[in-house]
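These notes are about the structure you will find just below.
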Amino acid sequence: MSNNSGSSWISERIRPDQIEKYLNDCGVDFIPDDAIGGMLCDAKIVKSADDKARVREIVSKAMAIQTLSPEETAVLLNVKDAELIGEMEAAAGAIKKKVYDNRIVTFAPLYLSTVCVNNCRYCGMRADNSSLTRGVLTLDELRAEIEVLAGQIGHKRLVVVYGEHPKSGIDYMLSTVETIYKTEVPIRNRGHKASIRRVNVNAAPMTIEELSLLNKAGLGTYQVFQETYHKKTYADLHPLNTLKGNYNWRLYCMHRALEAGIDDVGIGALFGLYDWKFEVMGLLHHAIELEKRFGIGPHTVSFPRLQPAENTPFVNENQSKYLVSDADFKKAITVLRLSIPYAGMILTARENAELRKALVPLGITQTDSSSNVGLGAYNKMRGAEIQESTRQQFILGDTKSLDSTVREFAKMGYITSFCTAGYRCGRTGECIMDLLRTGAEGKFCKLNAVITFREWLNDFASEETKAVGESVIAKEIEELKTAVPKVYDTFLDYYNRTVNGERDLYF
Ligand code: SAM
Ligand code: SF4
């Protein structure tokens, strides 16, 4: 077996009882493949997509921050009229503003292991790929990564990524998450120290018991992407004799997470494996199922798009029939923003800088920056914008620095929020669902966004970025005067204390 994976470890991973209990009375999951396929080309739905009044009615429902039904979403996916598409895009931006204001959150991906027992055909980390240099970071190597990420670049949030392998199983995950939270590093050229304040995890599906341990370790969001919701395609791309070959083990991992007490979960699909419209419908069905069963939808939705990867013919030789064009990708994001209006939407550095800039106004809430997906790459490269294909899962489209990203966002009128207060003071789960649907979350977060942005500008920004950032801050402070009169004085106190060197103040 590749990468020294233990076969007994593999055979004990999947717990059928932790799948079966979630199936419906007929033993069936919540993704109705045939019904979705039928709905997308149903004559009545296709006709409704030309009916301006009907489309506008659906858009208004989304504007009221109500989750759309599969049928309504299928109508939007079929809209072809340029004027209506323009209206949908404008509504997507307006919904984002209503729920999340003009904030955008940045994070860095951090790969902790590149060993994996699975053989997903599109992935450079698959077990059979002998061209990839494999490894698992030691805790010292991890601390060296944090020195660069938190001490030099200024990241406060990470998404840590693990291959599925006994060498990077739950014990390793717990010790790495704990190490990250404990590590304080000096900030270059400044007197004080910095640390990572939120660790999100992207890792293979786990048992309820393991997820509960991860929750206790203080994880932020637990992310797992279904890759494709289409069962036949899933089976073609994930060999059945691998752990990942079990579609339902993956499909129900967010159920297990929520049952384990993690109330902040992120779903996603890898666009380019199957029909993009089907994947949008799959994501929506997933959100509806979680809402119905747990009263909490996904906190974030991710839509990575297939990228080239070292020695990976499936992507490098364009073997997928379903690659998604930029125009269709834009439409997928627009419809997702409307269909699951409360959710955060993550656009990653897989996309090139120009496209990212064009897609952000459609309602993106989070993006990564200064990213490097090579193992140990942050410390090795010390912030240089370089990639090494034999050390990483896939190739990134945008490796721009965090400083340039923040500056670009500020020029577009966005404030980059480094706030990590939400999960530290209980604004998660059902509580945050209410705050998001009513737009109240935006107000709390605006206060914290300004304070943390000030902190970041002082500690990490170039003079050019600081100048643009300060003009955004001035505008925000003006708005806060009327938006939150009751706490405005306390806010000003926190803000001034931050200017004078205090750190990590939040509401
Ligand atoms: N091994 C874990 C898993 O599969 O859940 C961790 C996640 S994997 C390291 C992160 C994500 O990268 C995958 O879920 C998949 O969506 C995405 N990915 C894999 N290969 C890719 C490729 N060639 N291009 C873009 N994204 C890719
Ligand atoms: Fe392993 Fe994840 Fe890559 Fe599949 S996508 S081969 S599970 S790292």
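No hydrogens, no waters, no symmetry mates; every other heavy atom, side chains included, goes into these values. Both counts, for ligands and for their atoms, begin at 1 and track the order of listing.
The nearest N, O or S atom of His238 is not closer to atom 4 (Fe) of ligand 2 than 2.8 Å. Contact annotation: Cys123 places an N, O or S atom under 2.8 Å from atom 3 (Fe) of ligand 2.
Between Val224 and ligand 1 there is no heavy-atom distance shorter than 4.0 Å. At least one heavy atom of Arg126 sits under 4.0 Å from some atom of ligand 2.
Listed by number with element, the atoms of ligand 1 under 4.0 Å from a non-hydrogen atom of Tyr162 are 1 (N), 2 (C), 6 (C). With ligand atoms numbered from 1 in the order given, ligand 1 contributes 3 (C), 4 (O) to contacts under 4.0 Å with heavy atoms of Lys244. Using a 4.0 Å cut-off to heavy atoms of Val161, the atoms of ligand 1 that qualify are 9 (C). In the vicinity of Cys116, heavy-atom distances shorter than 4.0 Å reach the ligand 2 atoms 1 (Fe), 6 (S), 7 (S), 8 (S). Less than 4.0 angstrom separates some heavy atom of Arg305 from each of these atoms of ligand 1: 25 (C). Annotation for ligand 2: atoms under 4.0 Å from non-hydrogen atoms of Cys120 are 4 (Fe), 5 (S), 6 (S), 7 (S).
Glu210 and Arg256 are not joined by a salt bridge, as no carboxylate oxygen comes within less than 4.0 angstrom of a charged side-chain nitrogen. The pair Glu289-Arg293 meets the salt-bridge criterion, with a side-chain N (NZ, NE, NH1 or NH2) lying under 4.0 Å from an Asp/Glu carboxylate O.
Between the choices Asn202, Leu243, Asn316, Val315, the shortest heavy-atom distance to atom 6 (C) of ligand 1 belongs to Asn202. By heavy-atom distance, the residue among Arg350, Gln226, Gln307 lying nearest atom 26 (N) of ligand 1 is Arg350.
Side-chain rings of Phe30 and His286 approach one another, their centers coming within less than 6.0 Å.
Between Asn119 and Ala127, the shortest heavy-atom distance links the atoms OD1-N, 3.4 Å. The shortest heavy-atom contact between Thr367 and Leu347 is OG1-O, 2.9 Å.
With sequence neighbours excluded, the residues that form a side chain to side chain donor-acceptor pair (under 3.5 Å) with His238 are Tyr122.
Between Leu355 and Arg305, some side-chain heavy-atom pair lies under the 4.5 Å cut-off.
Contacts with ligand 2 closer than 4.0 Å are made by side-chain heavy atoms of Lys244 only, the backbone lying farther away. Within the 4.0 Å heavy-atom criterion, the part of Arg250 lying near ligand 1 is the side chain and not the backbone.
Between Trp456 and Phe418, the angle of the ring planes stays under 30°, which puts this pair in the parallel group of the 30/60° scheme.
Screening Arg350, Lys400, Arg356 for a salt bridge (Lys or Arg N to Asp or Glu O under 4.0 Å) involving Asp368 leaves a single residue, Arg356.
Applying the ring pair (Phe, Tyr, Trp, His ring centres under 6.0 Å) test to every pair with at least one member in residues 310-339, sequence neighbours left out, gives these pairs: Tyr274-Tyr322.
At least one N/O-N/O distance between Glu227 and ligand 1 falls below 3.5 Å. Taking any N or O of Tyr122, backbone or side chain, at least one lies under 3.5 Å from an N or O belonging to ligand 1.
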